[in-house]
Undergrad: 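There's a structure below that I have some questions on.
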Amino acid sequence: TREASAGGCVITLNPNQVSMVLSGSVSLTSGCGVFVNSNNAAAITTNGGGTITTTGTARTQIVGGCNGCENIHPGAQTGVATTTDPFGDMTAPTQPSGGCGPINMGSHQTRTISPGCYDSIDLGSQADLTLSPGVYYIRNGLNMTAQTTIHGNGVMLYFENGGVTMTGGATVDLTAPSSGYYQGILIYQARGNTTESNLVGGTNQLMNGVLYFPSAHLTYTGGSNVSA
């Protein structure tokens with residue numbers, strides 16, 4: 001089990017840029033905290049109704065400062081010490097042997113898939129995809145469009161290239177593995193993969209686990225309601 005040297009399971013690592021922007025009625029709720037490693041005076045920026053809420057003993061901690069601090073509850077702890085990447089020693093999964101075919105689901109289709117290698121996963125309007133427990137090695141991203149749904153318990157999604165795009169009322173219910181090497185890790189975007197990921201468009205998302213994007217921007221906009 002990995003534990004961060006700084007509190008939080010939502011962690012940004014850029015040392016000097018605006019690292020987290022929440023706008024358009026985005027609501028981010030975390031039961032294990034938010035840590036922003038940037039010394040920028042507006043390292044977290046909230047506007048247009050964007051909010052961050054931590055529960056229990058969890059807190060939002062920022063090396064620098066925040067713009068729209070009044071939208072962070074409880075109030076952010078600013079000026080905290082920097083941290084190193086708490087997952088810097090985590091080894092990426094090896095691409096499984098065999099083929100890596102794409103998953104392309106059309107409108108209203110329902111499907112269950114098993115762990116393995118996939119070139120990409122694209123869900124059409126109102127498609128419903130269930131992931132069986134295990135590690136998913138995805139070479140070129142996950143794209144969810146209007147009213148799509150994805151479920152999975154005990155899953156880890158690794159993105160070699162590409163990122164995650166969830167739009168148009170997508171529904172997400174994903175939980176990380178509770179044991180094994182990737183215990184607690186839900187999404188792992190490869191180091192050096194700079195593809196931006198977007199959680200946008202009024203999406204409803206329950207993602208129980210660490211979202212690890214060490215080299216890329218992660219954007220929440222347009223009415224996202226996210227629990228992590």
Side-chain angles (χ1 to χ4, degrees), residues 10 12 20-28 92-93 95-96 98-177 182 185-228:
V10 178
T12 70
M20 184 177 292
V21 178
L22 296 95
S23 60
S25 301
V26 174
S27 176
L28 170 62
Q95 179 177 316
C100 297
I103 298 293
N104 293 304
M105 294 179 62
S107 177
H108 293 84
Q109 288 187 334
T110 299
R111 185 172 178 180
T112 298
I113 62 174
S114 300
C117 182
Y118 296 91
D119 182 70
S120 60
I121 298 178
D122 292 282
L123 307 185
S125 174
Q126 299 187 48
D128 190 321
L129 178 65
T130 298
L131 307 179
S132 300
V135 174
Y136 291 78
Y137 191 107
I138 303 169
R139 299 183 63 190
N140 290 296
L142 167 66
N143 182 44
M144 298 178 64
T145 56
Q147 307 299 320
T148 54
T149 300
I150 187 169
H151 320 261
N153 185 29
V155 299
M156 195 281 279
L157 282 63
Y158 175 79
F159 294 93
E160 178 186 15
N161 300 295
V164 183
T165 300
M166 301 176 180
T167 65
T171 297
V172 180
D173 186 358
L174 297 173
T175 300
Y182 294 111
I185 307 297
L186 179 61
I187 295 178
Y188 179 173
Q189 185 161 306
R191 299 181 185 94
N193 178 358
T194 59
T195 305
E196 181 175 358
S197 288
N198 296 278
L199 311 180
V200 302
T203 50
N204 296 308
Q205 300 154 9
L206 175 60
M207 292 181 284
N208 187 3
V210 172
L211 311 181
Y212 183 55
F213 295 83
S215 304
H217 290 288
L218 178 61
T219 300
Y220 298 98
T221 59
S224 300
N225 182 10
V226 183
S227 298

Undergrad: Between the main-chain N or O of G162 and the side-chain N or O of N193, is there a donor-acceptor pair closer than 3.5 Å?
TA: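 Yes: the side chain of N193 pairs with the backbone of G162.
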Undergrad: Kindly indicate whether the side chain of L22, heavy atoms from C-beta on, has any atom under 4.5 Å from the side chain of L28.
TA: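 SC-SC contact between L22 and L28 confirmed.
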Undergrad: Roughly how far apart are Y182 OH and Y212 OH, rounded to 0.5 Å?
TA: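 Answer rounded to 0.5 Å: 11.0 Å.
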Undergrad: Please table the atom pairs, donor to acceptor, closer than 3.5 Å between any side-chain atom in residues 98-109 and protein atoms at least two apart or in another chain.
TA:
{"residue": "S107", "atom": "OG", "partner": "S125", "partner atom": "O", "Å": "3.4"}
{"residue": "H108", "atom": "NE2", "partner": "Q126", "partner atom": "OE1", "Å": "3.3"}
{"residue": "Q109", "atom": "OE1", "partner": "G106", "partner atom": "N", "Å": "2.7"}

Undergrad: Report the distance from atom CZ of F159 to atom CG of L142, rounding to the nearest 0.5 Å.
TA: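 With rounding to 0.5 Å, CZ (F159) is 5.0 Å from CG (L142).
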Undergrad: Taking S114's backbone N and O only, do any of them form a donor-acceptor pair with S132's side chain (distance below 3.5 Å, no angle check)?
TA: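 No, the answer is negative, given that no donor and acceptor are paired below the 3.5 Å cut-off.
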Undergrad: Going through the distances and angles, do Y137 and E160 end up as a side-chain contact (heavy atoms from CB on, under 4.5 Å)?
TA: CA-CA 7 Å; Y137 191 107; E160 178 186 15; 3.5 Å; yes
Undergrad: Does any N or O in the side chain of S215 come within less than 3.5 Å of the main-chain N or O of G192, such that one atom is a donor and the other an acceptor?
TA: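 Yes; at least one donor-acceptor contact below 3.5 Å.
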Undergrad: Taking atom CD1 of I121 and atom CG of L157, what is their separation to the nearest 0.5 Å?
TA: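 Separation between the atoms: 6.5 Å.
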Undergrad: Y136 and P115: which non-hydrogen atoms are nearest, and at how many Å?
TA: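 Looks like OH-N, 3.4 Å.
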Undergrad: OG1/T171 to CE/M166 distance, rounded to the nearest 0.5 angstrom?
TA: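 Here the interatomic distance stands at 10.5 Å.
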Undergrad: Out of curiosity, I113 CD1 to Y118 OH, how far, rounded to the nearest 0.5 Å?
TA: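 OH of Y118 is found 4.0 Å from CD1 of I113.
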Undergrad: Compare every heavy atom of G209 with every heavy atom of A176, then report the nearest pair and how far apart it is.
TA: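 Closest pair (atom of A176, atom of G209, distance): CB-CA, 4.0 Å.
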Undergrad: Just how far is it from atom OG1 of T112 to atom NE2 of H151, taken to the nearest 0.5 Å?
TA: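 Result: 8.5 Å between the selected atoms.
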Undergrad: Can you give me the closest heavy-atom contact between V155 and P133, atom names plus distance?
TA: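 V155 and P133 have their closest heavy atoms at CG1-CA, 4.0 Å.
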Undergrad: Would you sort out whether M156 and Y188 count as a side-chain contact (heavy atoms from CB on, under 4.5 Å), showing the intermediate values?
TA: CA-CA 7 Å; M156 195 281 279; Y188 179 173; 3.8 Å; yes
Undergrad: Determine the minimum heavy-atom distance between S197 and V164, stating which atoms define it.
TA: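 Taking every non-hydrogen atom into account, OG-N, 2.9 Å.
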Undergrad: Would you indicate whether the side-chain heavy atoms of T195 and N161 approach each other to under 4.5 Å?
TA: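 No; the side chains remain at least 4.5 Å from each other.
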Undergrad: Going by the rule side-chain hydrogen bond (donor to acceptor under 3.5 Å, both in side chains), which residues pair with D119 if we only count those two or more places apart in sequence or in a different chain?
TA: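 Result, side-chain hydrogen bond (donor to acceptor under 3.5 Å, both in side chains) vs D119: N140.
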Undergrad: Output, in order, the C-alpha distance, side-chain angles, deciding distance and verdict of side-chain contact (heavy atoms from CB on, under 4.5 Å) for L131 and L174.
TA: CA-CA 9 Å; L131 307 179; L174 297 173; 4.2 Å; yes
Undergrad: Do the non-hydrogen side-chain atoms of R139 and S120 ever get within less than 4.5 Å of each other?
TA: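 Side chain of R139 against side chain of S120, heavy atoms only: no contact under 4.5 Å found.
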Undergrad: List the residues meeting side chain to side chain contact (heavy atoms under 4.5 Å, CB included) with A216, not counting sequence neighbours, and say none if there are none.
TA: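 A216: side chain to side chain contact (heavy atoms under 4.5 Å, CB included) contacts with Q189.
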Undergrad: Does L211 form a side-chain contact (heavy atoms from CB on, under 4.5 Å) with V10? I'd like the steps, not just the answer.
TA: CA-CA 7 Å; L211 311 181; V10 178; 5.7 Å; no
Undergrad: Side chains of R111 and T130: does their closest heavy-atom pair fall under 4.5 Å?
TA: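 Not in contact.
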Undergrad: Keeping the roles fixed (side chain from T145, backbone from L123), state whether a donor-acceptor pair exists under 3.5 Å.
TA: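 Side chain of T145 to backbone of L123, a donor-acceptor pair under 3.5 Å: yes, one is there.
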